[in-house]
Amino acid sequence: METKTYHLIIIGGGPAGLAAAVAAWDAGEKNILILERDTRLGGILNQCIHNGFGLHTFQEELTGPEYAQRFIDKVVERGIEYKLDTMVLSVSQGKDGAKEIAAVNETDGLLLLRSKALILAMGCRERSRGALNIPGFRPAGIFSAGTAQRLVNIEGYLPGRRVVILGSGDIGLIMARRMTLEGAKVLVCAELMPYSGGLKRNIVQCLDDFGIPLKLSHTVVRIEGKERVEGVVIAKVGPDRKPVPGTEEHYSCDTLLLSVGLLPENELTIGLGADISRVTGGPVVNESLETSIPGVFAAGNVLHVHDLVDYVSEEASLAGESAAAYIAACGDAMISGETDQAVPVTFSGGIRYTVPSLLDPNKVRKWLKLRYRVGDVMTNRRVVLYLDGEPVLTKKRRVMAPGEMEEVLITRKHLEAHSSLTSVEIRIEEDF
């Protein structure tokens with residue numbers, strides 16, 4: 001069987017894969033292949049028919065399909081090759097440093113591919129009921145919020161008429177509004193944590209505007225019904241997140257939507273042997289979004305779960321540019337052989353993680369955005385960036401919440417005085 005070779009292969013034709021391909025092409029790399037398992041490019045955006053996309057990237061408000069089409073048009077205009085309905089089975093590293101990909105589709109059958117560089121852009125998946133340990137039978141009428149979104153927006157089916165939503169992630173909030181507009185009655189949105197997992201604007205526009213109650217520190221403790229959901233019982237939880245006896249409330253419903261978190265789709269990444277973050281579930285990357293395996297880059301929700309697709313595109317563009325630079329440095333060889341000693345990015349004061357988590361100051365071009373999330377709601381804080389123990393940037397933040405990503409912008413000016421950088425830290429401090 002013939003093995004085809006490309007300079008750059010991108011796994012995933014969603015917003016991250018498309019933006020990475022365009023950026024790599026514009027940076028000079030023309031030998032690119034995108035592999036997408038769905039029947040069309042665009043990824044999850046194809047079922048996100050609500051607006052709110054593109055405000056940062058295009059300075060206008062677009063729906064998900066409109067946003068995706070902007071990048072699909074860019075891919076088509078540049079003549080970037082892509083294969084649809086193609087499932088990647090495995091990824092490995094050859095002895096010469098080449099990335100070896102096995103994939104399959106109906107047209108080509110089994111595909112054996114090699115590339116100098118690889119960009120992982122597989123996105124994420126929803127956490128299922130199996131991870132929640134909710135007592136009860138397994139009746140029809142229990143859907144993840146993303147599955148319900150696809151059924152309504154693409155397949156044209158309404159999953160139910162009386163709905164309870166568990167979890168307040170952005171997809172769940174958006175589906176509360178969508179189900180209401182389609183004629184269903186959304187009774188309540190219950191959230192285990194004492195804060196919402198979604199954007200503030202989605203709480204206002206999708207719950208408050210439609211009179212849908214959000215019950216924080218609540219969870220589903222029982223599902224009723226054998227053939228079809230007939231009702232659910234929710235209860236208040238204490239600081240230990242265990243149900244408080246005597247706080248149970250019963251809701252008669254036929255549908256339960258689960259919006260209980262997203263997980264980076266990283267089976268291929270793990271199989272490749274890349275280092276994985278325990279917090280994000282995505283690969284550990286440096287300032288170029290390169291994983292622990294040289295020539296393998298990651299961007300988008302496969303790296304860490306994002307709030308806005310605009311940030312996905314921006315991040316993926318960096319991955320595309322970095323992959324193009326890596327290929328150019330390799331020349332005719334498959335691997336450059338260079339090893340870099342990047343400085344770990346440390347953090348304190350309530351930050352859960354940063355992306356990237358490694359930084360080589362000599363490889364930062366004009367600027368670098370260090371993105372991070374906090375582990376709890378915080379008010380009146382000061383975020384300070386320290387280089388070699390010296391504070392070089394301070395931001396005051398009135399409110400920070402786990403549902404909204406934060407960022408610190410590091411510029412070349414910050415790094416010029418620290419070419420032999422030994423420590424990088426983001427610290428959240430009390431604002432006096």
Side-chain angles (χ1 to χ4, degrees), residues 3-46 68 70-93 98-105 108 111-124 264-269 271-272 274 282-283 285 288-291 293-303 306 309 312-328 330 334:
T3 299
K4 293 194 68 174
T5 299
Y6 293 83
H7 286 177
L8 173 61
I9 291 178
I10 299 171
I11 303 177
L18 295 172
V22 170
W25 179 280
D26 291 347
E29 181 50 64
K30 312 300 183 186
N31 190 352
I32 303 171
L33 174 66
I34 302 172
L35 300 175
E36 169 56 45
R37 67 182 178 184
D38 207 344
T39 57
R40 67 182 81 176
L41 295 173
I44 196 67
L45 292 179
N46 290 319
R70 296 285 179 96
F71 279 95
I72 292 170
D73 291 343
K74 291 174 184 287
V75 166
V76 173
E77 288 166 3
R78 288 160 176 75
I80 298 173
E81 185 179 350
Y82 59 88
K83 289 184 180 292
L84 303 177
D85 260 334
T86 302
M87 175 65 72
V88 175
L89 304 175
S90 67
V91 180
S92 59
Q93 178 135 304
K99 322 312 169 200
E100 299 179 342
I101 299 99
V104 65
N105 63 36
D108 303 299
L111 287 163
L112 299 179
L113 307 168
R114 284 164 55 89
S115 66
K116 293 183 178 180
L118 178 67
I119 296 179
L120 306 171
M122 295 88 74
C124 61
E265 193 79 75
N266 267 307
E267 284 74 16
L268 293 175
T269 316
L272 189 55
V285 295
S288 300
L289 301 186
E290 187 178 28
T291 69
I293 299 176
V296 178
F297 303 81
N301 286 344
V302 79
L303 178 55
H306 290 63
V309 72
V312 168
S313 300
E314 181 181 70
E315 188 176 87
S317 295
L318 172 59
E321 293 169 1
S322 300
Y326 174 88
I327 294 166
C330 287
M334 277 293 182

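In this text, all values refer to a predicted model and were calculated from it rather than measured experimentally. For the single chain, residues carry numbers from 1 onward in sequence order.
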Sequence neighbours excluded and cut-off under 3.5 Å, please list the side-chain donor-acceptor pairs for residues 296-303, or say none.
{"residue": "Asn301", "atom": "OD1", "partner": "His306", "partner atom": "N", "Å": "2.9"}
{"residue": "Asn301", "atom": "OD1", "partner": "His306", "partner atom": "ND1", "Å": "3.2"}

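Rounded to the nearest 0.5 Å, atoms CG (Leu8) and NZ (Lys99) are 11.5 Å apart. Atom CD of Glu267 is separated from atom OG of Ser90 by 13.5 Å, given to the nearest 0.5 angstrom. Rounding to the nearest 0.5 Å gives a distance of 10.0 Å between OG of Ser115 and CD1 of Ile10. Put simply, CD1 on Ile101 and CG on Leu112 are 10.0 Å apart, with the number rounded to the nearest 0.5 Å. Separation of atoms CG (Leu18) and CD1 (Ile72) is listed at 6.0 Å; rounding is to 0.5 Å.
For the residue pair Leu113 and Leu35, the shortest heavy atom distance occurs at CD1-CD1, 3.9 Å. In plain terms, the two heavy atoms of Ile34 and Gly12 that are nearest each other are CG2-O, 3.7 Å. The two atoms that bring Met122 and Asn266 nearest to each other are CE-OD1, 4.4 Å, heavy atoms only. Among all heavy-atom pairs drawn from Gly42 and Pro15, the shortest one is O-CD, 3.7 Å. Nearest approach of Ile119 to Ala20, heavy atoms of both residues: CD1-CB, 3.8 Å. For the residue pair Leu289 and Leu318, the shortest heavy atom distance occurs at CG-CD2, 3.9 Å.
The side chain to side chain contact (heavy atoms under 4.5 Å, CB included) search around Asp85 returns Thr39, not counting sequence neighbours. Not counting sequence neighbours, the partners of Lys83 by the salt bridge (charged side-chain N to carboxylate O under 4.0 Å, His left out) test are Asp108. Among residues two or more places apart in sequence or in another chain, the side chain to side chain contact (heavy atoms under 4.5 Å, CB included) test is passed with Val104 by Met87, Leu89. In this structure, the salt bridge (charged side-chain N to carboxylate O under 4.0 Å, His left out) partners of Arg78, at least two apart in sequence or on a different chain, are Asp26. Partners of Glu314 under the side chain to side chain contact (heavy atoms under 4.5 Å, CB included) rule, at least two apart in sequence or in another chain, are Trp367, Lys369, Arg371.
With Glu29 contributing its side chain and Asn31 its backbone, the two residues share a donor-acceptor pair below 3.5 Å. A donor-acceptor pair under 3.5 Å is absent between the side-chain atoms of Lys116 and the main chain of Tyr6, judged by distance alone.
Here the side chains of Gln93 and Ile293 are in contact, with some heavy-atom distance below 4.5 Å. The shortest distance between side-chain heavy atoms of Leu84 and Asp38 does not fall below 4.5 Å.
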